[in-house]
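Notes for the one structure printed next.
Side chains are part of it too, since the values below use all heavy atoms of this structure and drop only hydrogens, waters and symmetry mates. Reminder, nothing fancy here: chain letters follow the sequence lines and each chain counts from 1.
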Amino acid sequence: MPYPAEIEVSVRKLEASREKRLNTKIPLISTIERDTLVRKYHPDYAEAGRRQLLIGANKGQLFPVELANQLEGNSRIDPDKIDLDKVDYETDVLIIGSGGAGLSAALLAQENGAKVLVVTKLRLGDSNTIGAEGGTQAADRPNDSPVLHYLDTMGGGHFENVSDLVWAMVNDAPMVIRWLEDLGVIWDKEQDGSMRELKLAGECRKRVHSCKDHTGLEVMRVLCDEVRSHENIDVLEFEAVIEFVMDEAGRMSGALMVNLETNKLSLVRAKSVILATGGLGRLHTMGFPTTNHYGATGDGLVMAYRAGCSLLYGASIQYHPTGVAFPQQLAGMLVTENVRALGGQIVNVDGEEVACNLEPRDVLASFIIRECTKRGRGIKTPAGDNGIWEDIPLIDIIHGEGTIAQRLPTMVRQFARFGIDITKEPVLVYPSIHYQNGGVKMDTYAASEIPGLWVPGEVGGGVHGRNRLGGNATLDIYVFGRRAGKQAAEFSKKEKLGRLTLDHVRRFQQELVKLGIADQRPFTPMILPNYTREIPNYLPENYRNTLVVNKMLLT
Amino acid sequence: MVDIYIMGKHYRVPDSLTIMAAYEYCGYRLIRGCGCRTGACGACATVYNFANNPTLKYGLACQTGIEQNMCLAPNVYFPAVKPVYDIGKLKPTVEQILKIYPELITCFGCNNCTRSCPQELEVMSFVSAALRGDLATVSEKSFDCVMCHMCTSRCPRNISPRNVALLCRRLFGDHLIPKSKHLDDRIREIEKGQFDAEYEKMSKLPTEELRRVYENRWIEPA
């Protein structure tokens with residue numbers, strides 16, 4: 001028996017109410033009701049835990065404290081100690097990050113004649129893409145159209161999305177699915193080759209393409225293999241970019257990166273730079289757990305902000321309604337939205353359905369937070385955390401026995417390791433940080449405001465407004481990764497770089513000192529989170545800072 | 001609390017931890033060997049055994065619970081065979097697979113690969129399927145592969161089952177699964193600009209009007 005006895009009592013109530021829940025349909029709430037609910041319960045609107053930025057392009061705007069501290073962080077380098085005449089790597093296109101956006105960009109840049117260097121602080125392919133389970137939207141069925149995909153995306157984003165970006169994304173979508181298929185991605189299909197598609201929350205048609213619940217893994221395996229099949233793409237792993245380098249004309253001109261094991265700093269000079277560093281779940285904004293991978297520390301946002309880029313909806317963060325709350329070993333991990341798409345319901349301690357299971361993510365997250373806090377009808381985990389039931393066994397009741405095992409093999413395996421059979425028992429979930437809705441301001445080719453810098457994927461902002469729909473993240477990365485890669489390759493052919501400079505770093509640092517906040521801010525970007533128990537620090541006070549700056553980059 | 005050994009050093013840790021969490025609990029800051037932390041990426045695949053039993057075990061550090069007397073050590077990196085190829089120009093045949101991975105034919109069925117898979121896949125079975133040119137079976141049986149390389153490290157014939165399976169899946173996906181006709185049709189319609197006028201109109205609607213269109217749209221049953 002996986003759950004403690006006091007929790008099993010609630011499981012019995014959930015089982016008892018199944019038949020009733022199957023026969024009662026809770027309607028979706030209106031968009032006005034959505035706005036009201038979200039403003040009251042969503043962590044983006046919480047009063048505590050946020051503060052105004054004191055510096056940079058978004059000065060004055062409210063951000064979660066954890067993110068604000070990173071954006072206002074001290075540089076990890078002293079520009080005066082860097083010799084910019086000593087170039088270690090020279091390339092046409094530098095790509096920072098190796099998830100779906102970075103590798104799509106790499107492939108398109110090489111296809112368009114550029115020499116490409118991909119730099120990643122973890123292994124090639126380590127990213128949030130690899131953990132994406134749900135799928136990728138593309139309006140390709142006869143009863144669907146890019147216009148409906150556009151409409152759904154705008155509605156999900158509270159109509160605050162940048163319209164042109166959305167249209168670019170939905171228009172390229174079918175072509176991107178075909179591109180990946182031609183590279184050998186195995187999409188879920190019917191015998192005749194037509195796509196088997198799912199409808200996720202907030203979507204009016206079935207248009208999510210999946211590869212069982214390994215969609216991101218399957219695409220990343222293929223993209224990594226393809227990247228390794230081109231001799232004009234070089235890859236450097238376990239190298240963390242910690243600062244941009246610009247030229248005198250204000251063009252992006254390369255980056256400084258550090259070997260995570262030796263702390264050796266290297267200079268890359270590049271005619272075009274593609275920033276594809278993804279999101280920030282590992283900052284644990286507002287104290288939430290996260291579904292994100294180990295490297296999702298918002299490094300790209302920090303470096304772009306320091307270089308002068310502005311952020312659009314930079315404080316808007318997606319708390320996925322269904323992160324695992326129990327067992328503790330899996331806490332924060334994503335329960336894919338496909339579970340809800342297949343009929344899984346959200347149920348409280350008394351066996352009552354909390355809201356329509358197909359509400360968009362921010363809306364359902366707000367419902368769950370309200371149920372567990374204000375209404376006090378959640379389930380307390382043995383560790384004392386809040387949780388709400390996600391009734392997964394319903395899926396087999398609706399679609400026939402074996403559906404869960406067939407459609408959700410990853411999840412079955414993950415829970416079985418801890419004694420929970422999800423084909424028989426519900427799971428406890430609670431909102432978990434999943435995605436940065438906003439990001440660096442960009443145009444329809446993912447070009448930032450700085451010439452020579454592109455920001456495709458999660459690090460860029462605008463396309464999702466203030467809330468992203470399921471299946472639009474893995475679409476966004478391929479669409480804008482490809483667009484950025486092509487344009488960056490073309491740009492690199494006609495541009496000549498001027499003298500390199502780190503003046504943008506100097507200016508930012510001087511402002512921190514002037515405001516008197518430099519010594520209250522961490523060294524950023526974070527690079528990797530620190531989950532170790534605190535080891536006592538025996539360094540004499542006087543040496544500590546020098547060591548932190550020069551030696552212990554990961555501190 | 002349980003007793004574990006990290007690179008030979010003794011620690012006592014709570015028994016609710018995973019291998020990965022145990023490292024961090026004992027003060028080890030991970031650089032390599034840590035990825036998605038949810039069992040999807042293979043970055044943390046690891047080898048361990050027990051103080052009272054030297055038989056090697058294999059698991060994902062983020063998904064394997066800690067047990068009494070576990071002996072842990074970080075993994076080493078090694079390069080695996082990965083030839084360069086253009087998937088579109090290859091043929092989905094056993095001859096093609098053997099041309100790219102000739103060592104595959106030397107498999108003598110020791111089954112070390114299967115025993116070392118942290119995903120509990122039937123690795124040798126899909127290696128055999130690759131040898132028969134049965135790409136559908138390789139794809140199905142290897143689909144949960146997280147590319148961790150454990151099987152490669154244990155193969156006495158230098159076969160990389162994960163890379164062989166990846167080649168087979170790509171050949172299967174690109175060459176043997178029928179293409180989707182409705183996808184082709186839609187791509188052609190978009191290229192002809194068939195939806196541009198409707199978008200132009202919709203993008204000019206004031207938000208309140210767009211909100212109305214959105215709320216009144218027909219929602220296909222799930």
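- When heavy atoms are compared at a cutoff of 4.5 Å, K189(A) approaches chain B solely by way of its side chain, counted from C-beta outward.
- No part of D172(A) comes within reach of chain B, as not one of its non-hydrogen atoms sits under 4.5 angstrom from that chain.
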- Message: Between D192(A) and K179(B), is the salt bridge (Lys or Arg N to Asp or Glu O under 4.0 Å) condition met? List the steps.
- Response: CA-CA 8 Å; D192(A) 67 352; K179(B) 301 282 171 182; over 6 Å; no
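- Residues F159(A) and Y214(B) bring their aromatic ring centres within 6.0 Å.
- Put simply, of R178(A), Q328(A), E231(A), M175(A), the one with the most heavy-atom pairs under 4.5 Å next to chain B is R178(A).
- In this structure, N163(B) CG and T152(B) OG1 are separated by 6.5 Å, a value rounded to the nearest 0.5 Å.
- The most heavy-atom pairs under 4.5 Å with chain B, out of V324(A), I130(A), D182(A), D126(A), come from D182(A).
- Taking CG of L151(A) as the start and CG of L210(B) as the end, the distance is 5.5 Å to the nearest 0.5 Å.
- In summary, the side chains of T410(A) and D213(A) do present a donor paired with an acceptor at a separation below 3.5 Å, with no hydrogens or angles considered.
- The parts of Y531(A) that come within reach of chain B are both its backbone and its side chain, each placing non-hydrogen atoms under 4.5 angstrom from that chain.
- Contacts between R217(B) and chain A at a heavy-atom distance below 4.5 Å involve the side chain alone, from C-beta outward.
- The CD atom of E181(A) sits 13.5 Å away from atom CH2 of W179(A), with the distance rounded to the nearest 0.5 Å.
- Only the side chain of R37(B) comes within less than 4.5 Å of a heavy atom in chain A; its backbone stays farther off.
- The CE atom of M147(B) sits 10.5 Å away from atom CG of L124(A), with the distance rounded to the nearest 0.5 Å.
- With respect to chain A, the highest number of heavy-atom pairs below 4.5 Å among G39(B), S16(B), P221(B), S203(B) belongs to S16(B).
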- Task: Starting from the C-alpha separation in whole Å, work towards a yes-or-no answer on salt bridge (Lys or Arg N to Asp or Glu O under 4.0 Å) for K141(B) and E122(B).
- Result: CA-CA 7 Å; K141(B) 295 205 166 190; E122(B) 297 169 51; 3.3 Å; yes
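- Of the residues considered (T207(B), D184(B), T18(B)), D184(B) shows the highest number of contacts with chain A, using heavy-atom pairs under 4.5 Å.
- Between the side chains of H10(B) and D3(B), at least one donor N or O sits under 3.5 Å from an acceptor N or O.
- Note: A43(B) leads G42(B), P83(B), A43(B) in heavy-atom pairs under 4.5 Å with chain A.
- Neither the backbone nor the side chain of A21(B) comes within less than 4.5 Å of any heavy atom in chain A.
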Without placing hydrogens or testing angles, list every side-chain donor-acceptor pair under 3.5 Å for residues 215-223 of chain A, not counting sequence neighbours.
unit_1: T215(A); atom_1: OG1; unit_2: E133(A); atom_2: O; d: 2.9
unit_1: T215(A); atom_1: OG1; unit_2: C211(A); atom_2: N; d: 3.1
unit_1: E218(A); atom_1: OE1; unit_2: R221(A); atom_2: NE; d: 3.4
unit_1: E218(A); atom_1: OE1; unit_2: R221(A); atom_2: NH2; d: 2.7
unit_1: E218(A); atom_1: OE2; unit_2: I186(A); atom_2: N; d: 2.9
unit_1: R221(A); atom_1: NH1; unit_2: F143(B); atom_2: O; d: 3.0
unit_1: R221(A); atom_1: NH1; unit_2: C145(B); atom_2: O; d: 2.6
unit_1: R221(A); atom_1: NH2; unit_2: F143(B); atom_2: O; d: 3.2

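- Comparing E190(A), R413(A), Q414(A) by how many heavy-atom pairs each has under 4.5 Å with chain B, the most go to R413(A).
- Using cut-offs of 30° and 60° on the angle between ring planes, the pair Y150(A) and W167(A) is perpendicular.
- L342(A) does not touch chain B: none of its heavy atoms, backbone or side chain, sits under 4.5 Å away.
- Formation of a donor-acceptor pair under 3.5 Å by the S127(A) side chain with backbone atoms of G125(A) is found in this model.
- Counting heavy-atom pairs closer than 4.5 Å to chain A, the top residue among M20(B), R32(B), H175(B) is R32(B).
- Within residues 57-66 of chain B, the residues having any heavy atom closer than 4.5 Å to a heavy atom of chain A are L60(B), Q63(B), listed by residue number.
- Contacts of E160(A) with chain B are absent, with no heavy-atom separation under 4.5 Å from either backbone or side chain.
- Here L28(A) contributes atom CG and I219(B) contributes atom CD1; the two are 5.5 Å apart, rounded to the nearest 0.5 Å.
- The side chain to side chain contact (heavy atoms under 4.5 Å, CB included) search around A341(A) returns L198(A), L200(A), not counting sequence neighbours.
- In summary, the side chains of H209(A) and D188(A) do not present any donor paired with an acceptor at a separation below 3.5 Å, with no hydrogens or angles considered.
- The residue among H293(A), M333(A), K199(A), R205(A) with the most heavy atom pairs within less than 4.5 Å of chain B is R205(A).
- Of the listed residues (R170(B), K181(B), R162(B), R211(B)), the one with the most heavy-atom contacts under 4.5 Å to chain A is R170(B).
- Side-chain contact, R12(B) with Y25(B): no donor N or O sits under 3.5 Å from an acceptor N or O.
- Atom CG of D134(B) is separated from atom SG of C168(B) by 9.5 Å, given to the nearest 0.5 angstrom.
- R340(A) does not touch chain B: none of its heavy atoms, backbone or side chain, sits under 4.5 Å away.
- Panel note: side chain R169(B), backbone V185(A); no donor-acceptor pair is recorded below 3.5 Å.
- Chain B forms more heavy-atom pairs under 4.5 Å with one residue of L334(A), T31(A), L148(A) than with any other, namely T31(A).
- Cation-pi contact between K99(B) and Y101(B): absent, since separation from the ring centre below 6.0 Å together with deviation from the ring axis within 45° is not met.
- Of the two parts of K82(B), only the side chain, counted from C-beta on, holds a non-hydrogen atom closer than 4.5 Å to a non-hydrogen atom of chain A.
- Of the two parts of L183(B), the backbone and the side chain both hold a non-hydrogen atom closer than 4.5 Å to a non-hydrogen atom of chain A.
- In this structure, chain B has no heavy atom under 4.5 Å from any part of R196(A).
- A donor-acceptor pair shorter than 3.5 Å cannot be found between the side chains of Y11(B) and Y23(B).
- Along residues 188-196 of chain B, the residues that come nearer than 4.5 angstrom to chain A, judged on non-hydrogen atoms, are I190(B), F195(B), D196(B) in order of number.
- Contacts of P529(A) with chain B are made by backbone atoms alone, with heavy-atom separations under 4.5 Å and no side-chain atom involved.
- In this structure, chain B has heavy atoms under 4.5 Å from both the backbone and the side chain of R141(A).
- Of the listed residues (I87(B), T38(B), I177(B)), the greatest number of heavy-atom pairs within a distance under 4.5 Å of chain A belongs to T38(B).
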- Query: Does the pair E200(B) and K204(B) meet the rule for a salt bridge (Lys or Arg N to Asp or Glu O under 4.0 Å), with working shown?
  - Reply: CA-CA 7 Å; E200(B) 279 304 315; K204(B) 291 197 175 69; 2.9 Å; yes
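- E33(A) and S30(A) are linked by a side-chain donor-acceptor pair at a separation below 3.5 angstrom, with hydrogens and angles left out of the test.
- Counting heavy-atom pairs closer than 4.5 Å to chain B, the top residue among N143(A), N292(A), N128(A), T291(A) is N143(A).
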